[in-house]
Engineer: 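I am attaching a structure below and will ask some questions about it afterwards.
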Amino acid sequence: MLSTKQNKLMAVLTKRGFIFPSFEIYGGVSGFYDYGDLGTKLKRKVQNIWYNLFVAEENAFEIDTRTILPKPVLQASGHLEKFTDPVVQCQKCRGVFRADHIIQDKLGIIVEGFPAEELDKIIKKNDLRCPKCSSHLSKVTEFNLLFKTFIGPEQKEREAFLRPETCQGHFLLFKRLFQLNGNKLPLFVAQIGRSYRNEISPRGGLIRLREFDQMELEIFVDPEKKTHPNFKKYEKVKLKVKPLDSEEKEVTCKESVEGGIVSHELMGYSLAKSKVFFREIGVPEKHIRFIELSKDERPFYALETWDTQIWSETFGWVEVTANNDRGAHDLESHMRGSGEKLTVRNEEGEEFIPHVIEMSYGLDRPIYCLLESVFVENDGRNWSYLKLNGKVAPIEVAVLPVVNKEEMVKKSLGIYNKLRKKFNVKHLTGYVGKNYAKMDEIGVLYCVTVDGETFKNNTVTIRDRDSRKQVRVGVDELNQILEDLVSGKKNFEEL
RNA sequence: GCGGCCGUAGUCUAGCCUGGUCUAGGACGUCAGCCUGCCACGCUGAGGACCCGGGUUCAAAUCCCGGCGGCCGCACCA
């Protein structure tokens, strides 16, 4: 259901330059959005918070791998087989089958490479039914989740695809990185980058994109040692969890591990960190939960999956992070596909394939969910504003003269230029009331106003976005005070 | 992808049914000037639109077809 809130938010975001529909002047294409100035700044700030938590704190290797993958890579990973085939779905039991397989099995004719319409005709003509329950089948649809291209001249053997997830890069580099890690596990590898999925029909703005950013941390571990040296630091984090076989409940990270809700320490750790990340960027705690996926729901490679979900008024619970235990799947399949040996030995000399624990974050979705949860549609005067915290707000401070008089503008510009060294700050002239409203709308936390008194005693006022209250402070202490406020060290009320 | 609804400035909208008076009207926003000493203020002025392509017609924002895009439902979303 389309809510007016989402409509209003998207309108504000476009109007103020956070995001724009891509290729708009050519009519646009669904599933693609560009980020404008404010959106890009917001995105970078969210990325940085992730970086601090998942790269810096984890002491992870950071990599930047290619977005184009040659066909054999995706053949090995299983993506190609899963997502470029014609499929039909049983209308009764909901089973999904490969259309070409059904035809081949029942009729014995080879139909590889036939277009979906041909397969559809054959199925209709021969009245082929669901192999499980013999009910009618849906129309044949082509799964084209991978964007296809060619390396070099267009020829079948050089087919390539845009990566559907960044982590294939981690797996492909495993051998090298393991060596650089002193042949030791665990090995932490992180990457922030683009991925592409050719969704059949993306909807919902930033929720389902065809080109999107991911932030992924893959931890290669000994399957016997799915633990984390830093576990203690996060064991007390409270988690709202919904396990497969029981009701939603709140437990600490430690309890989730000890109570067997998650199957090992690293999974508990992943969830706790996820909670901390989303809390930091400003998602209300009650809007964050973790849900275990059943075998049918989770990706084909996963042994265990816990999605982090954020509550959206418009879309309900939205998946923003997949915390996966990928087991040995990836290294095993790339070992098979490439012929390279990707096993390691433990201290006892036993050879094994490392398991992969994955924390896979989207960037665009969390940003949308965040924006929706901090969007105040009406503050009581029919103004809307974004209640972003200082860590993510694209612009933290604005400076404005109370009236558009030359000497006042000169003064406020001076203050603006000083503040620019430390903050993302805007300078505005014109009618103050309107400017406050404009700044509220893009999430600016504090407005510094130059007025008549500034000339008498060198003071200015700081206006707090959320309370709209103002306090008067000396120009000399402005920098320090703003820094404390923006970083969250001080509350506005304490001033 | 299938079915339903829809597409007029940055936004909301009038006009469409019943083709001509539309050189497309209004409101908000934008910009400029004046005013203004604290919360989308007031006055004056400026700029800005019929989604794209084709057809019917003397004449198309208006009727018809196709495309693109949006929303809703179904499906899809490893």
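Order of the sequence lines sets the chain letters (A, B, ...), proteins ahead of strands, with each chain counted from 1.
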Engineer: Say you pick atom C1' in G47(B) and the same atom in U57(B); how far apart are they, in whole Å?
Structural biologist: 35 Å
Engineer: Across the strands shown, which category fits Asp440(A) at heavy-atom distances under 4.0 angstrom: base, sugar-phosphate, nothing?
Structural biologist: nothing
Engineer: Which base sits across from A46(B) as a Watson-Crick or G-U pair, both distances under 3.5 Å?
Structural biologist: U30(B)
Engineer: Look at the side-chain N and O atoms of Lys15(A) and state whether any lies under 4.0 Å from the OP1 or OP2 oxygen of G29(B).
Structural biologist: no
Engineer: Tell me which residues in residues 466-480 of chain A put a heavy atom below 4.0 Å from RNA chain B, sorted by number, or none.
Structural biologist: Arg468(A), Gln470(A)
Engineer: At less than 3.5 Å, do the side-chain atoms of Arg208(A) and the base atoms of C76(B) form a donor-acceptor pair?
Structural biologist: yes
Engineer: Mind calculating the distance between CZ (Arg365(A)) and C1' (C77(B)) to the nearest angstrom?
Structural biologist: 8 Å
Engineer: Pick base, sugar-phosphate or nothing for Lys405(A), based on heavy-atom distances below 4.0 Å to the nucleic acid.
Structural biologist: nothing
Engineer: In whole angstrom, give the distance that lies between atom NZ of Lys434(A) and atom P of C38(B).
Structural biologist: 17 Å
Engineer: What are the two closest heavy atoms between His355(A) and Ala328(A), and how far apart are they?
Structural biologist: CD2-N, 3.6 Å
Engineer: Could you tell me which residues satisfy salt bridge (Lys or Arg N to Asp or Glu O under 4.0 Å) with Glu319(A), sequence neighbours excluded, listed by chain and number?
Structural biologist: none
Engineer: What pairs of residues pass the salt bridge (charged side-chain N to carboxylate O under 4.0 Å, His left out) test when at least one of them lies in residues 431-459 of chain A, not counting sequence neighbours?
Structural biologist: Lys15(A)-Glu441(A), Arg16(A)-Glu441(A), Asp440(A)-Arg463(A), Asp451(A)-Arg472(A), Glu453(A)-Arg472(A)
Engineer: Students often get this wrong, so: under 4.0 angstrom with heavy atoms, is Pro202(A) touching a base, only sugar-phosphate, or nothing?
Structural biologist: nothing
Engineer: How far, in whole Å, is A14(B) from C64(B) if one measures between their C1' atoms?
Structural biologist: 25 Å
Engineer: Reckon Thr461(A) touches a base, only the sugar-phosphate, or nothing at all at heavy-atom distances under 4.0 Å?
Structural biologist: base
Engineer: My understanding is that only residues two or more places apart in sequence, or in another chain, count here; which of them pass side chain to side chain donor-acceptor pair (under 3.5 Å) with Arg194(A)?
Structural biologist: Glu211(A), Asp213(A)
Engineer: Less than 5.5 Å between centroids and less than 30° between ring planes, does Tyr431(A) satisfy that with U36(B)?
Structural biologist: no
Engineer: C1' atom, A9(B) versus G48(B): distance in rounded Å?
Structural biologist: 5 Å
Engineer: Rounding to an integer number of angstrom, what distance separates G19(B) and G10(B) when you compare their C1' atoms?
Structural biologist: 30 Å
Engineer: In whole angstrom, give me the gap between the P atoms of G29(B) and G69(B).
Structural biologist: 33 Å
Engineer: When you measure from the side chain of Ser274(A) to the backbone N and O of Ser270(A), does any donor-acceptor pair fall under 3.5 Å?
Structural biologist: no
Engineer: Could you pull out all donor-acceptor pairs under 3.5 Å where a side-chain atom in residues 65-73 of chain A meets a protein atom, sequence neighbours excluded?
Structural biologist:
unit_1, atom_1, unit_2, atom_2, d
Thr65(A), OG1, Arg163(A), NH1, 3.3
Thr65(A), OG1, Gln191(A), OE1, 3.2
Thr65(A), OG1, Gln191(A), NE2, 3.2
Arg66(A), NH2, Asp64(A), O, 2.9
Lys71(A), NZ, Glu159(A), OE1, 3.2

Engineer: If the C1' atom of C65(B) is compared with that of A49(B), how far apart are they to the nearest Å?
Structural biologist: 24 Å
Engineer: Confirm from the modelled atom types if Arg463(A) and C39(B) form a donor-acceptor pair under 3.5 Å, side chain to base only.
Structural biologist: yes
Engineer: Taking side-chain contact (heavy atoms from CB on, under 4.5 Å) as the test, write out the residues that go with Lys418(A), two or more places apart.
Structural biologist: none
Engineer: Between Ser30(A) and Val432(A), just flag the one whose closest nucleotide in RNA chain B comes earlier from the 5' side.
Structural biologist: Val432(A)
